[in-house]
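Below, chains carry the letters A, B, ... as their sequence lines are ordered, and counting in each starts from 1. Because the structure is a prediction, the values reported are computed rather than measured.
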Amino acid sequence: MTELQAERAGEPLRVPRIDVQSKRLRYIDALIALAAFAVLATLPFLFSSKALLDFVIRCSAFGLFATSLNLLVGYTGMISFGHGMFFGLGAYGFGLIMQRTGVPIPFAFIGTLLITAIVSVVIGAICVRLKEIYFAFVTLAFQMLIHSAILSWASLTGGDQGLRGGIPRPVFLGIDLSNHIHLYVMSCALLVIGLLLMRQIAQSPFGYTLRMIRDNASRASFIGINVWRAKLTIFVLAALFASTGGIIMSLFVSGAYPEFAYWTISGEGIFINMLGGVTTFLGPIVGTVLLLILNDTVTRLTEYYGIVLGIVILFFAIGLRKGLMDFAVERYEQRRGVTKERAR
Amino acid sequence: LDLDALTGCLASSACLVTQTTSGFIIGMLLFLVAVGLTLIFGVLKVVNFSHGAFYMFGAYFAMTAYQVTGSFALAMLCGATGTAILGLVFERVFMSRVYGGDVLMQLLVCYAFVLIFDDVVKLIWGPEFKSMGMPTAFQVPPLFIAGGVVPPYYLLLIGVALAAAAILGVGLARTKIGKVIRAAAHNPGMVSALGINTGLIYGGVFALGGMLAGLAGALAAPVRSLTPGMGFSVLIESFIVTVIGGMGSILGALIGALLIGLIRSFGSLGFPLFTDGLMYLFMVIVLVARPTGLFGKEVA
């Protein structure tokens, strides 16, 4: 018994209450999301720079991808090294549906998510029962399987040339995605809605079940939680958001390339999470912005991009031992003298 | 899809011999890389994601040594010892800082080094494809076994790999150092309490793993083209081998590597475009049937 517990021995044990369903908090989340969207949507009127808009669109694609990965890595403790396959699947699925069938964009969007859901249920059913390192490998292997399928099924996917010829974007309800501003606003909307949904998942009772599985899976299963089903559910949900990121990417580059399904996308996703921090919800977004800025600067300065990026990773992994947001939050709490356990 | 070619090959002994040898070549090189991986995992409980880089360095060291000295034996020696030293330094300076931490950190440190090592090779040897060329001692007419063509160098490669497997197996099972290593894998705290320097063992095992991968790279240098990033595909394949064979099992690595080698060499006949896919498919089947691999024990 620790001192703290001994002090309280007389009174009934107080369990810290987490207001998982507190409506007020949900409204605050929704308000923040709305405000963020409003700020992003006014950017094109303030700055006319196309590069800035491009940057935000790329941030939306990778931000959705990285945050969805954090649902697995940070919240559930499942280190997926193949999450990028769903990014690639989203890009290819969407591009192919648009090129082959020419249905309105929302239908193609839903169709892509359906395909992703089916594929991720099958892959997830095989992977989620495996432990830590095996899970990482098998997801990596599936990533490579999908990558090699894309390369070899050249008649459908264009092989190593990628999906070329552009993606048709018929106007739907006045939204014309070949207009850069429209594409920009739609990306921002998808990003904000996606983040809000993921936040809801993370703060829901299900989200707290995931944290429990991360911290002690056997205890979770003792109290009657079907760990396998919970893990599979979050695996599929995360895949859907990653796929959405892929869809944004395919619209942005108007095509899809095998690199989107290559393992390095997954590696970057893990690194983004690390860079931003996995203990805060917005950490991956911060990481995305940092990585993209880093990416753009370093590739402009030197062709030895790997060395620079590697040293930065080492700094975070060995030097800081945590992500930037984790670090900032910890510092802030230290300064405030907050000692209470933060439910994360 | 070209099933006729596959059945045609299975019917002819010449083709069978040729394909089997080439499968064994792929398998033996994979085994040398995978056994280092599995050894490091078994003792240090870390997955060396940068193991492919040692294979790459082994090949480049061997090429340079061969160009400078002209001696093939010296080239092999250089490839192996160079990577052993590299492994020791890498483990002591960087990896030893992330033991016991979460897997994410270990993967990240390795990921960082995959990026750094590839660029270092690019800096030193240039980004273009290189080739070491077959050493003059082996520029002799190939042997014909049952009508199949078998270059003598292939026999040497298989022989060296099998010898390494035997030495490793016997060394771990019979010698005192082998016992200490196995004990350290089982309970490092106790081993350290008995007055054995576990840090030294960890470094040694990592160096040994690096050396085996470097040896594989050096052996592969005459028959494969050298390029920065050549380690990665080998790494993925040796992961598959260790996962199929079971993490931490040397016999498993050998069997898994041979299976993958044969799948690759015969698969390239029947499914020329989907050879890689075939391999991943096989791994998935094994894992569904036996989650710990063919020879794996329950992993904590």
Heavy-atom contact with chain B under 4.5 Å, split by part of L314(A)
both

Distance col, row K122(B):NZ vs I307(A):CD1, nearest 0.5 angstrom, shows 9.0 Å

Using heavy-atom distances under 4.5 Å, tell me whether I146(A) contacts chain B through its side chain, its backbone, both, or neither.
neither

F81(A) CZ to F239(B) CZ distance, which is reported to the nearest 0.5 Å:
8.5 Å

Work out which heavy atom in G310(A) is nearest to a heavy atom in A112(B); give both atom names and the distance.
O-CB, 3.4 Å

Quick one: do Y280(B) and Q143(A) satisfy side-chain contact (heavy atoms from CB on, under 4.5 Å)? Show the steps, please.
CA-CA 10 Å; Y280(B) 301 122; Q143(A) 164 109 57; over 6 Å; no

Check whether L123(B) gets within reach of chain A through its side chain, its backbone, both or neither, counting any heavy atom under 4.5 Å.
both

Work out which heavy atom in V138(A) is nearest to a heavy atom in M283(B); give both atom names and the distance.
CA-CE, 4.0 Å

Does R182(B), at its CZ atom, have more than 12 non-hydrogen atoms belonging to other residues, nucleotides or ligands within less than 6.0 Å?
yes

Honestly, the part of L108(B) sitting under 4.5 Å from a heavy atom of chain A is both

Checking heavy atoms, do the side chain of V47(B), its backbone, both or neither come under 4.5 Å from chain A?
side chain

Heavy-atom contact with chain A under 4.5 Å, split by part of F113(B)
side chain

Chain B contact via V73(A) - which portion, at a heavy-atom distance below 4.5 Å
side chain

